[in-house]
Amino acid sequence: MPSMPSPRVVTRFAPSPTGHLHIGGARTAVFCWLLARHYGGRFVLRIEDTDTERSRQEYTDSILASMSWLGLDADSAPVYQTRRFSLYDEYIERLLKSGDAYWCRCRPEEVEAMRDKARAAGEKPRYDGRCRALGLGPGPGHAVRLAVPPSGKIVFEDMVKGTVSFDVNELDDMVLRRADGAPTYNFAVVVDDVSMNISHVIRGDDHLNNTPRQILIYQAIGAALPVFGHVPMILGPDRQKLSKRHGAKAVIEYEKDGLLPEALVNYLVRLGWSHKDQEIFNREELIAHFNGASLNSAAASFDPEKLLWVNSQHLRALSSQEMLPRLLPFLRREGIPVDDTDHIMRCIPLYQPRVDTLAELAGQMRPLLLKAADIVHDPAASAKFLSAEGTAHVAALRERLGTLEDFHKEALRRCIHAYVEESGVKLKLIAPGLRVCLLGTGSGPDLADIMEVLGRRESVERLSRALSHAGALISLHRE
RNA sequence: GUCCCCAUCGUCUAGCCGGCCUAGGACAACGGCCUUUCACGCCGUCAACAGGGGUUCGAAUCCCCUUGGGGACGCCA
């Protein structure tokens with residue numbers, strides 16, 4: 001039940017290409033995307049590259065790649081601010097003509113001196129508007145400033161913060177167009193949001209203070225206001241600003257770690273939004289429930305452990321067919337042969353409930369996918385579980401398995417249990433040794449499951465190889 | 001310094017247009033069950049309304065103050 005029926009919801013995500021997409025930005029993007037999808041509206045991407053010093057094409061490419069990996073598809077090609085300078089100039093002309101903006105010849109150092117003075121007096125640092133009455137025209141070093149009304153209050157309803165109000169006296173005559181002709185951030189944003197018909201501006205609450213400035217610009221150009229929604233920032237586990245040492249990384253890093261994009265999206269959305277007690281959501285559920293309400297107004301801290309848990313839940317929901325293409329790159333990275341995809345798919349269910357990430361899955365599956373000759377037997381586990389007695393049990397079981405007519409897990413299980421009963425030893429005593437022989441490690445999936453997947457020939461070969469290896473070890477000890 | 005925003009378990013949160021809250025769920029931690037191991041799963045334990053004033057028959061829920069945290073004060077975005 002959509003609570004905010006709107007004729008046309010248009011949202012935008014507007015990163016500046018000065019770095020890779022990080023999780024804070026990613027979460028904002030997810031919120032924007034979900035709101036548009038929920039209401040059947042449009043979602044667009046705008047690259048805010050007016051800072052030519054710091055903007056880099058490789059970051060734009062990286063951000064685009066991360067958006068695509070996350071599944072946040074836009075409804076039109078990205079808009080680049082650097083290609084819209086003539087549009088900004090048109091608006092500047094209009095504001096100059098109407099008297100809502102004026103030329104300023106003050107040098108940056110002069111303005112900084114004014115601010116220092118105000119700061120020293122315990123006031124809010126601001127430009128004093130001395131050029132406003134001068135009636136200046138364009139000229140070298142001249143910027144354009146907005147003529148802010150002398151008094152009044154800016155009040156707006158924020159989707160997440162509720163009623164927010166600022167006193168106009170707090171604001172000074174901000175620069176709209178730099179001396180070099182480039183638009184400033186606040187001005188470009190407003191012109192773009194107006195011309196792109198953005199209905200909902202969702203962004204981090206570090207922009208809350210920009211909003212009254214931008215509203216002044218909306219008013220000056222006579223445009224209707226969009227709905228604003230300022231989502232709280234994401235903090236580190238220590239409540240400090242999120243940084244790399246908190247385990248918060250760029251989105252591409254999570255991709256490399258083997259996270260599922262739907263899991264990252266799920267985790268990010270729940271950081272600041274909730275739907276009753278539900279923790280795990282698929283994409284359809286998110287779209288169905290995310291209507292812009294229930295957004296938390298307090299900052300949240302990032303918890304890498306819960307992210308892993310969410311990922312493990314999504315990982316378990318995948319069928320082997322769905323898992324395969326996602327897993328393949330990680331197996332290749334481990335140098336594991338990937339030609340027998342049927343075999344890989346049969347191995348997936350054995351490890352799926354045991355791991356949190358795709359990278360971990362690839363690592364754990366390794367012994368099952370390698371050839372018998374390439375298995376590395378963990379020396380500690382071998383020493384512990386492959387005593388002379390343990391080895392004898394493995395040898396005896398190998399004989400039985402070699403002649404077992406039915407090599408399916410139920411039969412294998414019966415075979416093992418029959419041996420246990422007849423020999424009178426505890427299963428506990430022989431199982432770990434068997435596993436070491438099969439996989440090289442003391443722990444892992446169910447033995448019958450392992451052997452069924454391996455098949456008779458491979459299982460027996462692994463046992464034989466391990467036995468000869470263990471025999472050599474034992475005779476070595478005797479000498 | 002000035003302005004803005006925020007405040008429920010360690011963390012994410014439900015609840016917040018007042019009574020159904022001896023505050024619910026999840027992650028983590030701890031204990032147990034299941035089990036050939038390690039996991040999964042299941043069961044349980046620990047754990048919070050920042051403090052102080054109001055308003056009210058009644059406040060986690062409304063108001064004020066304090067404290068704490070975050071953000072912003074650029075010809076950066």
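Heavy-atom basis, side chains included; hydrogens, waters and symmetry copies ignored. In what follows, every chain begins at residue 1, and chains take the letters A, B, ... in the order their sequences are listed.
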Could I get a table of every N or O pair under 3.5 Å where one atom is in the protein and the other is in nucleotides 43-46 of chain B?
none

Just the atom pairs and distances: protein N or O near nucleotides 67-70 of chain B's N or O, under 3.5 Å.
| from | atom 1 | to | atom 2 | distance (Å) |
| --- | --- | --- | --- | --- |
| B:rG70 | OP1 | A:Gln240 | OE1 | 3.2 |
| B:rG70 | OP1 | A:Gln240 | NE2 | 3.1 |

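Interface remark: the A:Lys306 side chain does not form any donor-acceptor pair with the B:rA28 base, using a distance-only criterion of under 3.5 Å.
A distance of about 35 Å separates the C1' atoms of B:rG1 and B:rC16, rounded to the whole Å. For B:rU45 and B:rA23, the P atoms lie 13 Å apart once the distance is rounded to whole Å. A distance of about 29 Å separates the P atoms of B:rA28 and B:rG71, rounded to the whole Å. Separating the C1' atom of B:rC49 from that of B:rC6 is a span of 16 Å, rounded to the nearest Å. Remark: the separation of the C1' atoms in B:rC21 and B:rC42 is 27 Å, to the nearest Å. Going from the C1' atom of B:rG69 to that of B:rG74 covers 25 Å, rounded to whole Å. Look at the C1' atom in both B:rG58 and B:rU11: the space between them is 33 Å, to the nearest Å. Spacing of C1' atoms, B:rA39 relative to B:rG18, comes out at 47 Å, to the nearest Å.
Here the nucleotide nearest the side chain of A:Glu305, chosen from B:rC27, B:rC6, B:rA72, is B:rC27. With B:rG41, B:rG74, B:rC12 as the candidates, the nucleotide lying closest to the side chain of A:Pro125 is B:rG74. Of the candidate nucleotides B:rU36, B:rC75, B:rC40, B:rU36 has the atom nearest to the side chain of A:Ala431. Proximity note for A:Lys124 (side chain, C-beta onward) versus B:rC40, B:rG74, B:rA72: the nearest is B:rA72. Looking at the side chain of A:Tyr185, the nearest of the listed nucleotides B:rA77, B:rC27, B:rG41 is B:rA77. Taking only side-chain atoms of A:Pro108, from C-beta outward, the nucleotide of B:rU11, B:rC75, B:rC5 with the closest atom is B:rC75. Which of B:rC4, B:rG25, B:rG71 sits closest to the side chain of A:Leu208 comes down to B:rC4.
Of the nucleotides present, none pairs with B:rU36 by Watson-Crick or G-U wobble criteria with both distances under 3.5 Å. Both distances falling under 3.5 Å, in either a Watson-Crick or a G-U wobble arrangement, place B:rA7 opposite B:rU67. Taking a pair to require two hydrogen-bonding distances under 3.5 Å in either a Watson-Crick or a G-U wobble arrangement, B:rU22 remains unpaired. Pair check for B:rU45 finds B:rA29; Watson-Crick or G-U wobble, both atom distances under 3.5 Å. In this structure, B:rA72 forms a base pair with B:rU2, meeting either the Watson-Crick or the G-U wobble geometry with both donor-acceptor distances under 3.5 Å. B:rC62: Watson-Crick or G-U partner is B:rG54, with both key distances under 3.5 Å. Nucleotide B:rA14: unpaired (no Watson-Crick or G-U wobble partner with both distances less than 3.5 Å).
Across all strands, A:Pro15 comes closer than 4.0 Å to no nucleic acid atom at all (heavy-atom distances). Using a 4.0 Å heavy-atom cutoff across all strands shown, A:Ser55 reaches no nucleic acid atom at all. Contacts of A:Ala300 with the nucleic acid, taken as non-hydrogen atoms under 4.0 Å apart, involve only primed sugar atoms and P, OP1 or OP2. Among the heavy atoms of the strands lying under 4.0 Å from A:Gly272 are primed sugar atoms or P, OP1, OP2 only; no base atom is included. Across all strands shown, A:Leu447 has heavy atoms under 4.0 Å from base atoms, whether or not it also approaches the sugar-phosphate. Residue-level contact check: A:Phe166 touches the backbone only, with heavy atoms under 4.0 Å from sugar-phosphate atoms and none from bases. Contacts of A:His230 with the nucleic acid, taken as non-hydrogen atoms under 4.0 Å apart, are absent. A:Cys106 comes within contact range of at least one nucleobase, with a heavy-atom separation under 4.0 Å. Within 4.0 Å of A:Ser165, counting heavy atoms only, lie sugar-phosphate atoms of the nucleic acid but no base atom. A:Glu48 comes within 4.0 angstrom of the backbone, heavy atoms only, and of no base.
Within the structure, every pair that satisfies the ring pair (Phe, Tyr, Trp, His ring centres under 6.0 Å) test and touches residues 148-195 of chain A, not counting sequence neighbours, is listed here: A:Phe156-A:Phe228, A:Tyr185-A:His207.
The closest donor-acceptor contact from the side chain of A:Tyr267 to the backbone of A:Asp303 lies under 3.5 Å. The main-chain N or O of A:Asp173 is found under 3.5 Å from a side-chain atom of A:Arg145 such that the two form a donor-acceptor pair. With A:Asn311 contributing its side chain and A:Leu259 its backbone, the two residues share no donor-acceptor pair below 3.5 Å.
Checking A:Val355, A:Leu331, A:Asp356 one by one against A:Leu361, the side-chain contact (heavy atoms from CB on, under 4.5 Å) holds for a single residue, A:Val355.
Heavy-atom contacts from other residues, nucleotides or ligands closer than 6.0 Å to CZ of A:Arg107 number 12 or fewer. Within a 6.0 Å radius of CD in A:Glu421, other residues, nucleotides and ligands contribute 12 heavy atoms or fewer. Atom CZ of A:Arg413 has more than 12 neighbouring heavy atoms from other residues, nucleotides or ligands inside a 6.0 Å radius.
For the pair A:Ser274 and B:rA14, the criterion of a side-chain N or O lying under 4.0 Å from OP1 or OP2 is met. The side chain of A:Arg115 contributes an N or O atom lying less than 4.0 Å from OP1 or OP2 of B:rG74. Remark: A:Ser301 is in phosphate contact with B:rC12, judged by side-chain N or O atoms under 4.0 Å from OP1 or OP2. Between B:rG41 and A:Arg316, a contact under 4.0 Å exists linking OP1 or OP2 to a side-chain N or O.
The residues A:Arg177 and A:Asp89 are annotated as salt-bridged, a charged nitrogen and a carboxylate oxygen being separated by less than 4.0 angstrom. Salt bridge status for A:Arg203 with A:Glu48: absent, with no side-chain N to carboxylate O gap under 4.0 Å. We find that A:Lys409 and A:Asp446 are not joined by a salt bridge, their nearest charged nitrogen and carboxylate oxygen being 4.0 Å or further apart. We find that A:Asp128 and A:Lys117 are not joined by a salt bridge, their nearest charged nitrogen and carboxylate oxygen being 4.0 Å or further apart. Using a 4.0 Å cut-off between charged nitrogen and carboxylate oxygen, A:Glu452 and A:Arg346 do not count as a salt-bridge pair.
Comparing A:Ser294 and A:Val164 against RNA chain B, the residue whose closest nucleotide sits nearer the 5' end is A:Val164. Mapping A:Glu112 and A:Lys276 onto RNA chain B by nearest heavy atom places A:Lys276 closer to the 5' end of the strand.
Of all the residues in residues 167-176 of chain A, A:Glu170, A:Val175 reach under 4.0 Å from RNA chain B with at least one non-hydrogen atom. Near RNA chain B, defined here as any heavy-atom distance below 4.0 Å, the residues from residues 138-153 of chain A are A:Gly141, A:Ala143, A:Arg145, listed numerically. Non-hydrogen atoms lying under 4.0 Å from RNA chain B are contributed by nothing in residues 359-366 of chain A.
Between the side chains of A:Thr357 and A:Asp257, not a single donor N or O lies within less than 3.5 Å of an accepting N or O. Side-chain atoms of A:Ser423 and A:His393 form no donor-acceptor pair, as typed in the model, at a separation below 3.5 Å.
When every heavy atom of A:Pro149 is checked against every heavy atom of A:Val168, the shortest pair comes out as O-CG1, 3.2 Å.
Aromatic ring pairs are classed by plane angle as parallel below 30°, tilted from 30° to 60° and perpendicular above 60°; the pair A:Phe31 and A:Phe290 is parallel.
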